[in-house]
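Keep in mind it's a predicted model, so treat the numbers as computed, not measured. Lettering follows sequence order; numbering is per chain, from 1.
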Amino acid sequence: MAVIAPASERDPQHTYARWLELGTRIVFAFGVLALALYLSGLVAPLIPLRDLPSLWTLPAAELLREAHAPSGWAWLRYLRYGDYLNVAAIAAFSLLSLVCLARVIRAFLRCGERVQALLAALQVLVLLAAALGAFPGAS
Amino acid sequence: MIRVILLVAGLALAPSALAAGGDAAAWWAWPLALFTLSFLLGVLAVIAGVGGGVLFVPIVGSFFPFHLDFVRGAGLVLALAGTLAAAPTLLRSGLASLRLVLPLALAGSICSLAGALAGFALPVNVVQSALGLVILAVAVLVLITRGTDVVAIEPDAFGRLLGLNGEFNDHLQQRVQWRTRRTALGVAAFGGIGFIGGLFGLGAGWANVPALNLLMGAPLKLAVGTSGLAISIINSSAAWVYIGRGALLPAIAMPAILGVMLGSRLGAHLLHGMPSVAVRRIVIAVLAIAGARALLRGLGVWP
């Protein structure tokens with residue numbers, strides 16, 4: 001027999017909270033692990049740690065040129081380096097809201113809240129466009 | 001007051017002391033200092049009710065050697081991480097409203113993208129000077145703003161259409177029903193705030209809360225909780241610009257994120273015992289000095 005959750009638990013707001021809590025815990029744990037691997041040198045970085053003080057005073061575009069580092073989504077090909085494992089953790093933090101909002105679109109529709117579902121869908125599109133660098137100058 | 005002066009002097013002089021080590025200073029010295037500072041800011045932010053993000057960028061941008069591109073990126077994700085951690089609890093208790101956030105965050109996230117892109121297009125001294133002015137304005141705003149719990153709000157048609165109403169339990173476990181007004185103005189305000197947040201890498205609680213509470217009539221606790229949820233969505237959008245531009249250095253961003261998240265936890269434990277008025281004064285003093293430093297640095301008067 002199916003267990004019907006109490007009305008408050010079916011509220012899209014609670015669905016969002018559940019997904020966000022789980023996602024935040026997973027990404028935070030990954031972030032701590034990635035940082036430990038990076039700072040300990042167990043996973044070698046693309047940019048040697050000792051070179052950082054001479055590079056972090058430069059504008060971002062210049063640092064990328066000096067260090068031959070990737071921009072846009074090209075960092076995905078560099079996950080074998082410790083620094084880009086940490087970039088992956090930061091990207092995961094930035095994706096959490098998009099995933100949770102996508103999840104609650106259906107929940108809003110089920111509750112008959114079409115306006116809220118539309119707003120959530122529009123927000124997902126904006127976040128997706130931002131992540132894909134669809135806006136001019138984004139990468 | 002003497003303790004405030006010593007604290008601010010310590011914050012101002014410590015980075016210089018590190019820099020005096022020149023090339024001999026280990027690479028880890030600055031990230032360690034950054035972690036320590038972020039931890040303290042996390043504690044202060046909870047007690048003073050002012051977000052760590054608005055403190056982080058002007059202090060680190062003014063007193064640490066990192067280029068402003070990386071400081072702005074770190075500030076943005078620092079505010080993002082802090083609000084993501086708090087949001088689930090606030091949503092469950094009704095102190096943050098997803099329905100209220102949706103139209104506001106949509107405007108804010110589009111404009112924060114524009115702000116982030118503008119930040120990379122402008123000369124760094126212009127951004128630094130503008131940051132100084134904004135931070136000085138924030139110090140004044142924090143000084144003069146007093147939250148209020150407005151009652152008997154007459155909701156507007158736009159707010160009714162968007163379903164901007166709800167309820168939560170206050171500290172006496174009494175049900176508080178709320179609704180909002182001036183919805184279109186609120187959406188516009190969040191657009192402007194989002195632009196500034198994206199441009200400077202700031203968390204925007206200092207502006208979101210007055211916009212929700214004083215402009216839209218949301219109860220103060222709901223305004224504070226909902227502001228955090230809004231920041232978690234709005235900053236997610238601008239963060240991608242910084243990721244795509246390579247402006248998120250892990251050695252800067254990650255110690256800052258972890259420091260502020262751990263500091264916030266301690267701050268939450270200390271909240272009941274600490275005199276929030278005194279801590280608020282410390283925050284205002286720090287903002288004023290960091291803002292002045294950023295402005296003078298941008299103008300080339302105090303490099």
Side-chain angles (χ1 to χ4, degrees), chain A residues 12-14 16-18 20-21 24 28 31-32 34-35 38-39 45 49-53 56-61 63-64 69-73 75 82-87 89-91 93-98 101 104 113 115-116 119-120 122-123 126-127 130-131 133 135-139, chain B residues 23 25 27-28 30-31 65-67 69-70 73 77 80-81 84-85 87-92 94 96-99 102-103 105-106 109-110 113-114 116-117 120-121 124 161-163 232-233 235-255 257-258 261:
Chain A
Q13 179 152 311
H14 285 263
Y16 190 99
R18 273 199 312 276
L20 187 61
E21 183 164 46
T24 304
F28 182 76
V32 171
L35 187 63
Y38 171 49
L39 294 180
L49 292 166
R50 65 179 177 278
D51 292 348
L52 285 175
W56 59 35
T57 55
L58 302 173
L63 181 144
L64 293 185
S71 63
W73 277 92
W75 59 266
D83 29 12
Y84 287 92
L85 270 182
N86 284 271
V87 173
I90 295 169
F93 270 122
S94 306
L95 274 175
L96 281 173
S97 295
L98 188 156
L101 284 163
V104 296
E113 294 184 63
V115 172
Q116 286 72 23
L119 287 171
L122 287 172
Q123 184 68 77
V126 169
L127 291 173
F135 294 92
S139 62
Chain B
D23 292 336
W27 61 266
W28 48 262
W30 286 110
F66 314 131
H67 192 276
D69 285 351
F70 304 114
V77 295
L80 170 64
L84 283 171
T89 305
L90 294 169
L91 282 164
R92 285 202 184 94
S97 168
L98 182 61
R99 290 166 180 82
L102 283 172
L106 186 58
S109 57
I110 293 169
L113 269 169
L117 293 170
F120 284 104
V124 69
L161 173 68
L162 296 176
S232 72
I233 297 171
N235 282 20
S236 298
S237 136
W240 290 108
V241 176
Y242 289 87
I243 293 171
R245 293 279 190 128
L248 281 167
L249 270 186
I252 298 172
M254 293 301 280
I257 289 170
L258 295 177
M261 285 177 97

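Between the CG atom of Leu249(B) and the CG atom of Asp83(A) there is a distance of 8.5 Å, given to the nearest 0.5 Å. To the nearest 0.5 angstrom, Leu106(B) atom CG is 5.5 Å from Leu122(A) atom CG. Distance check, rounded to the nearest 0.5 Å: CG of Leu35(A) to CE of Met254(B) gives 5.5 Å. We find the CG-OG1 distance between Leu20(A) and Thr89(B) to be 9.5 Å, quoted to the nearest 0.5 Å. Note: Arg99(B) CZ to Leu119(A) CG = 11.5 Å, rounded to the nearest 0.5 Å.
Using the six-membered ring where Trp is involved, Trp73(A) and Trp240(B) have ring planes that are parallel, under 30° apart on the 30 and 60° scheme.
Closest of all the heavy-atom pairs between Phe70(B) and Leu58(A) is CE1-O, 3.1 Å. Taking each heavy atom of Ser236(B) and Ser97(A) in turn, the nearest pair found is OG-OG, 3.5 Å. What you find for Arg92(B) and His14(A) is that their closest heavy atoms are O-CE1, 3.8 Å. Across all non-hydrogen atoms, the minimal contact from Trp27(B) to Leu49(A) is CB-O, 3.3 Å.
For chain A, no part of Leu90(B) is nearby; none of its heavy atoms comes within less than 4.5 Å. Only the side chain of Leu64(A) comes within less than 4.5 Å of a heavy atom of chain B; its backbone N, CA, C and O stay farther away. Neither the backbone nor the side chain of Ala69(A) comes within less than 4.5 Å of any heavy atom of chain B. Proximity to chain B is limited to the side chain of Tyr38(A), based on heavy atoms less than 4.5 angstrom apart. With a 4.5 angstrom heavy-atom cutoff, Leu95(A) touches chain B via backbone and side-chain atoms both.
A donor-acceptor contact shorter than 3.5 Å links the side chain of Gln13(A) to the backbone of Ala96(B). Checking side-chain atoms of Gln116(A) against main-chain N and O of Leu162(B) turns up a donor-acceptor pair under 3.5 Å. Listed for the Asp69(B) side chain is a donor-acceptor partner under 3.5 Å among the backbone atoms of Ala60(A).
In terms of heavy-atom pairs under 4.5 Å with chain B, the best-connected choice from Pro45(A), Ala61(A), Ala131(A) is Ala131(A).
At least one side-chain heavy atom of Ile243(B) sits under 4.5 Å from a side-chain heavy atom of Trp75(A). Counting heavy atoms from C-beta on, the side chains of Leu80(B) and Leu96(A) never come closer than 4.5 Å.
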